[in-house]
Every structure is written in C-alpha cells, then in structure tokens.
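In what follows, chains carry the letters A, B, and so on, assigned in the order in which the sequence lines appear, proteins first and then strands, with residues in each chain numbered from 1.
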2 protein chains.
Amino acid sequence: MIDLTPVSVDVLALRFDPDERAVLIGVAPRAAEPFLGEQALPGVLLGKGERLRDAAVRAVSSKLGLPAGAVTATGQLATFDEPSRDPRGPTLSIALWATLSTGGGDVRWSPLASVPPLAFDHDRIVAACRPMLADKLWRDVAFSAGLMGREFTTAQALDVTEALTGDRPYPANLGRSMERLPGLRRTAEHAAALPKGGRPPSMWRWEDS
Amino acid sequence: MIDLTPVSVDVLALRFDPDERAVLIGVAPRAAEPFLGEQALPGVLLGKGERLRDAAVRAVSSKLGLPAGAVTATGQLATFDEPSRDPRGPTLSIALWATLSTGGGDVRWSPLASVPPLAFDHDRIVAACRPMLADKLWRDVAFSAGLMGREFTTAQALDVTEALTGDRPYPANLGRSMERLPGLRRTAEHAAALPKGGRPPSMWRWEDS
DNA sequence: ACAAAAGTGTTACGAATACACCCATGT
DNA sequence: ACATGGGTGTATTCGTAACACTTTTGT
C-alpha cells in the first residue's frame with residue numbers, strides 16, 4: 001500500500017466591492033504552524049468523500065469566518081504538485097475560485113492588483129491563476145454571475161473588467177459583449193448617477209433560472 | 001485527523017498513427033476488481049510526494065506496458081470528484097493527457113472517435129476532456145509537438161486536426177495557422193507523395209531548443 | 001492526359017477594437 | 001453653462017474561412 005498524498009483545497013475567494021470599485025481577494029493569517037501568522041489563501045484538507053466545492057465552502061467559512069451562504073459560485077482552476085510546497089511534507093493543492101456576496105468576516109480583503117506576500121507557494125498559485133480568472137470573465141457565466149451579483153450596472157462591469165484584465169474597455173464595446181452572454185439582460189431601469197455626475201449607467205440582470 | 005481521499009491519476013494516452021491516419025487513445029483491460037477485465041484508462045494511485053507527470057508516466061508503463069521514454073509530453077486536464085465514481089469508496093481522479101511516440105505494448109489502441117465503453121466514470125472523463133484536447137491542438141505547443149513528433153507533414157497535420165476537431169480544414173489555412181506557431185518551421189524537403197498520388201506535402205519540424 | 005492532393009493568392013465574413021458624436025445627470 | 005461619464009452609430013482592423021486557380025506527383 002502506497003502512502004497517500006494529502007490533498008488541500010486552496011481557494012481564491014473573490015468579491016467585488018462597488019464602493020472601492022475593486023475586485024478583492026480574501027486572505028487570512030494562518031492560525032497554526034507552519035507560517036503561523038502569515039497571510040495565506042483559505043485552504044482545508046479535503047475530507048474523504050468530500051466534494052471539492054464543499055471543501056471550498058468549508059475553507060471560506062472556517063478560515064475567513066464567512067457564512068456558507070456567502071459563496072455564490074465555485075469552480076476549478078489548476079492543481080499544484082511541487083513536493084516541497086509544504087514544509088510538513090508533500091501535499092497536493094487543488095486551486096478553486098469562489099465568488100462571495102458579502103464582505104466582513106475575519107478577513108483581509110486585498111485588491112487583486114496588490115496581493116501581499118503569502119505563505120507556502122500561494123504567491124505562485126495566485127500568479128498562475130490570475131490569467132485564468134481574467135479569461136473567465138464574461139465567458140464563464142457562473143463565474144461572472146457569481147462575481148457581479150444578480151444585478152449590476154455597466155459602470156461596475158467596467159470596474160471589474162479593469163481589475164481582472166488590466167485595462168478598461170470602451171463602455172459601448174463591453175455592453176455589446178455582455179449582450180451576447182446567455183442569461184444576461186439589460187433592464188429598463190437606470191441606476192443613480194455616480195457621485196461625480198454623468199449619465200446614469202444602465203442596469204443588467206441575470207435571468208432567474 | 002481527517003481520513004484522506006485517495007488520489008488516482010488517470011491518463012488519456014494519445015498517439016497519432018500515420019498509417020491509420022487516426023489519433024488513438026490507449027486503454028487496457030483492468031487486471032483486478034472492480035471492473036476486472038473491462039477496458040479502462042491507464043491510472044495509478046498517486047504516491048506520496050510523487051509528481052503528477054511521474055504518476056502519469058508510471059500509469060502508462062505499468063498499465064499499457066510501454067517504456068517510460070515513450071511519453072513525449074504530459075499536461076493537466078481536470079479533476080473529477082464525484083464520491084461514487086469508484087465503488088470501493090470516494091476517490092479523486094486527476095485526468096492528465098500524455099502523448100506517446102510508440103505503439104505496441106499490451107494495449108488496445110482505439111480511435112478517439114469510437115472509444116469502447118470504459119470502467120468507472122472513464123466514459124464521462126473522456127467525453128469531458130475531448131473538447132479540451134481539441135482546443136490544445138496548434139495552441140499548446142507541448143501538446144502539439146508531443147502528438148505530432150519532431151517532424152511531420154501537412155497531410156498528417158490535416159489528419160490529426162480532423163480526428164480531434166471533427167472537421168478537416170483547408171490545407172492552405174492550416175498551413176498558415178501552423179506558420180504562426182512559435183518553434184515550428186516549414187522545412188525545405190518534401191515528403192513522398194501519398195499512395196494515391198497527388199502533390200507531395202511539405203514537411204514541418206519543431207526547432208530543437 | 002487525367003486524377004489526386006497540396007500550395008498560392010485573393011476574397012468574404014465576423015468579431016473585436018477604436019472613435020466621433022449624442023444623451024443624461026450633478027454642480 | 002459646463003464637466004463628467006455612459007450610450008449610439010460607424011469605421012477600421014484582424015483573424016478565420018472559403019474558394020478559384022496553380023503545382024506536383026502517380027497511373
């Protein structure tokens with residue numbers, strides 16, 4: 001019988017903050033050795049028979065202190081298998097994304113653009129997964145809907161796109177991209193204008209289904 | 001201490017057969033219960049500290065009877081976590097692709113278009129991974145080079161594309177696509193014409209680097 | 001000569017991008 | 001009125017697909 005490799009599920013827990021106009025990733029200081037006190041992605045050991053999504057939710061609630069219901073969607077990113085990534089011994093890390101609806105919790109919410117140094121190989125994981133996340137926006141419906149919430153404005157969509165891809169599209173072009181997304185509809189109402197004035201952006205809503 | 005989930009690495013072992021003009025996937029009958037005697041993807045339990053690539057090579061050599069050197073490249077596809085996928089109990093399956101240079105072995109080489117019924121949820125794994133493989137062709141250099149070999153003809157590239165994507169591109173257009181691939185060069189020589197006659201196709205070679 | 005199959009050049013189409021201009025709001 | 005910023009319409013660009021025509025082989 002071969003010794004089994006422990007599997008940890010490490011979560012890129014993402015949230016869009018409309019006030020800060022930024023996409024934030026949730027990290028928390030480690031409560032145990034190794035790397036005690038250092039910031040890390042929320043992660044748990046995968047239990048026997050546990051689904052990856054359930055483990056991701058468990059990581060978010062136990063490590064970030066958020067209710068399970070705050071997780072709006074999850075999905076796979078990649079698996080990291082460097083044997084030396086954990087000083088306690090070889091551990092597989094399966095990286096998932098999770099989108100969250102609420103802030104708060106015992107969490108440091110860090111803008112994606114400026115993630116602090118993290119424990120283990122989590123810096124490397126974030127760096128490797130960033131382009132995958134940018135690729136999912138406005139392509140993976142579950143990810144986009146989970147991140148934006150049920151209803152949002154064009155202005156917010158612009159902010160999120162800029163946060164994930166690095167540059168800000170023309171509002172007109174982004175609107176046309178979103179119109180091609182299945183399940184997303186431009187509503188009749190308009191949002192209130194931004195503090196600085198300007199034309200109020202139109203609103204978008206995911207069809208309930 | 002939580003019970004650990006065993007991790008198996010299941011391999012989509014691919015080979016291009018220029019004579020059959022088909023992309024073949026290697027499957028072998030299971031040597032033990034459960035599903036004794038039924039065809040299955042080559043897979044092994046991941047050892048402690050073992051890299052995914054090494055486990056994939058081990059699966060190919062132990063289950064398909066091919067030398068380790070026959071594996072030209074490997075890569076990740078996706079992870080399957082249904083707890084009931086193995087009747088012995090919950091097991092995680094990480095699916096990898098591997099490209100092979102040689103045939104033979106104790107293997108049933110099955111055309112990708114007509115894979116026989118497989119043990120476990122391997123049918124589902126193959127179905128889910130097929131589009132990912134098609135997507136990698138002429139985009140993922142390691143995959144394309146591993147599958148085609150160091151040197152190949154336009155005619156073979158057409159055959160492989162048809163096998164993976166389902167339709168045959170115009171030779172001219174495929175040539176232009178390949179010219180855009182980094183590391184791939186059209187050589188001066190020409191191959192011998194095909195049995196039925198016709199203009200001999202030009203040859204392509206990956207730059208050694 | 002004819003058939004078969006690859007290659008060349010060109011055209012057509014569509015998605016993504018860019019931008020000039022219009023509209024709605026706050027100050 | 002003016003500044004701010006989203007929306008509309010349109011032009012441009014680029015990658016892909018399509019196809020007529022040419023080239024090179026076998027029979």
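Residues A/Gly198 and B/Gly198 both approach DNA chain C. Their nearest nucleotides, taken by heavy-atom distance, put B/Gly198 toward the 5′ side. Heavy-atom distances to DNA chain D give each of A/Asn173 and B/Tyr170 a nearest nucleotide, and the one nearer the 5′ end belongs to A/Asn173.
Reading DNA chain C from its 5' end, the first and the last nucleotide to sit under 4.0 Å from a heavy atom of chain B are C/dA4 to C/dT10.
Checking side-chain atoms of A/Asp17 against main-chain N and O of A/Glu20 turns up a donor-acceptor pair under 3.5 Å. Remark: side-chain polar atoms of B/Lys136 are not paired, donor with acceptor, to backbone N or O of B/Phe143 under 3.5 angstrom.
The existence of a salt bridge linking B/Asp135 and B/Arg139 is confirmed by a sub-4.0 Å separation between a basic side-chain nitrogen and an acidic carboxylate oxygen. A salt bridge links B/Asp10 to B/Arg85: one of the charged nitrogens lies within less than 4.0 Å of a carboxylate oxygen.
Of the candidates D/dG6, D/dA18, D/dG7, D/dG6 carries the atom nearest the A/Ala155 side chain, counting heavy atoms from C-beta on. Closest contact between the side chain of B/Ala172 and the listed nucleotides D/dC19, D/dG9, D/dT22 involves D/dC19.
Across B/Glu179, B/Glu207, B/Glu151, a single residue satisfies salt bridge (charged side-chain N to carboxylate O under 4.0 Å, His left out) together with B/Arg186, and that is B/Glu179.
Between B/Arg176 atom CZ and D/dA17 atom P there is a gap of 11 Å when expressed in whole angstrom units. A straight line from CZ of B/Arg168 to P of D/dA17 spans 15 Å, rounded to a whole angstrom. If you take CH2 of A/Trp204 and P of D/dG6, they are 13 Å apart, rounded to a whole angstrom. Taking atom CZ on B/Arg199 and atom P on D/dT27, their separation rounds to 18 Å, with Å as the unit.
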Atom pairs, N/O to N/O, protein against nucleotides 14-16 of chain D, distance under 3.5 Å?
{"from": "D/dT16", "atom 1": "OP2", "to": "B/Arg180", "atom 2": "NH2", "distance (Å)": "2.4"}

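Between D/dG7 and A/Ser202, a contact under 4.0 Å exists linking OP1 or OP2 to a side-chain N or O.
A cation-pi arrangement is found for B/Arg15 relative to B/Trp109, the charged atom lying closer than 6.0 Å to the ring centre and inside a 45° cone about the ring normal.
Looking at A/Thr72 and A/Ser101, their side chains never bring a donor and an acceptor atom within 3.5 Å of each other.
The two residues A/Thr91 and A/Pro6 have their closest heavy-atom pair at CG2-O, 3.3 Å.
By the 6.0 Å contact criterion, CZ on A/Arg53 is open, its count of non-hydrogen atoms from other residues, nucleotides or ligands being 12 or less.
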